[in-house]
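Below is one structure, written out as structure tokens, with a few remarks after it.
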Amino acid sequence: MPGQIKISARQLLVLTILFTIGSTILIIPSGMALVAKQDAWIATLVGVGSGLSFLRLL
């Protein structure tokens with residue numbers, strides 16, 4: 001197809017990162033609130049804490 005535009009590897013990386021972050025912000029909290037009900041804030045704190053401790057190991 002003439003006139004096709006190709007994206008660079010960096011543009012694909014940025015698109016992938018932004019899609020992942022956006023999906024996480026929109027989808028994960030609602031699922032967590034559905035399971036944890038009123039204690040969703042505790043589950044969030046535990047998840048963030050374990051994620052940060054895992055990053056510390058790396």
Side-chain angles (χ1 to χ4, degrees):
M1 187 177 230
Q4 280 187 332
I5 300 173
K6 295 183 180 180
I7 63 171
S8 67
R10 181 176 172 83
Q11 290 172 327
L12 179 62
L13 176 69
V14 170
L15 282 172
T16 304
I17 289 172
L18 291 177
F19 176 77
T20 303
I21 291 172
S23 297
T24 301
I25 290 172
L26 293 173
I27 295 171
I28 299 298
S30 62
M32 186 183 307
L34 182 67
V35 172
K37 307 242 189 279
Q38 292 179 345
D39 296 329
W41 65 275
I42 296 172
T44 302
L45 289 177
V46 170
V48 168
S50 63
L52 290 175
S53 64
F54 180 71
L55 283 176
R56 177 81 177 167
L57 292 174
L58 296 176

Results of side chain to side chain contact (heavy atoms under 4.5 Å, CB included) for Ile7 - residues two or more places apart only: Gln11, Leu12, Leu15
Identified side chain to side chain contact (heavy atoms under 4.5 Å, CB included) partner of Val14 from the options Leu18, Thr16, Ile17: Leu18
Closest non-hydrogen atom pair between Ala33 and Ala40, with its separation: CA-CB, 3.9 Å
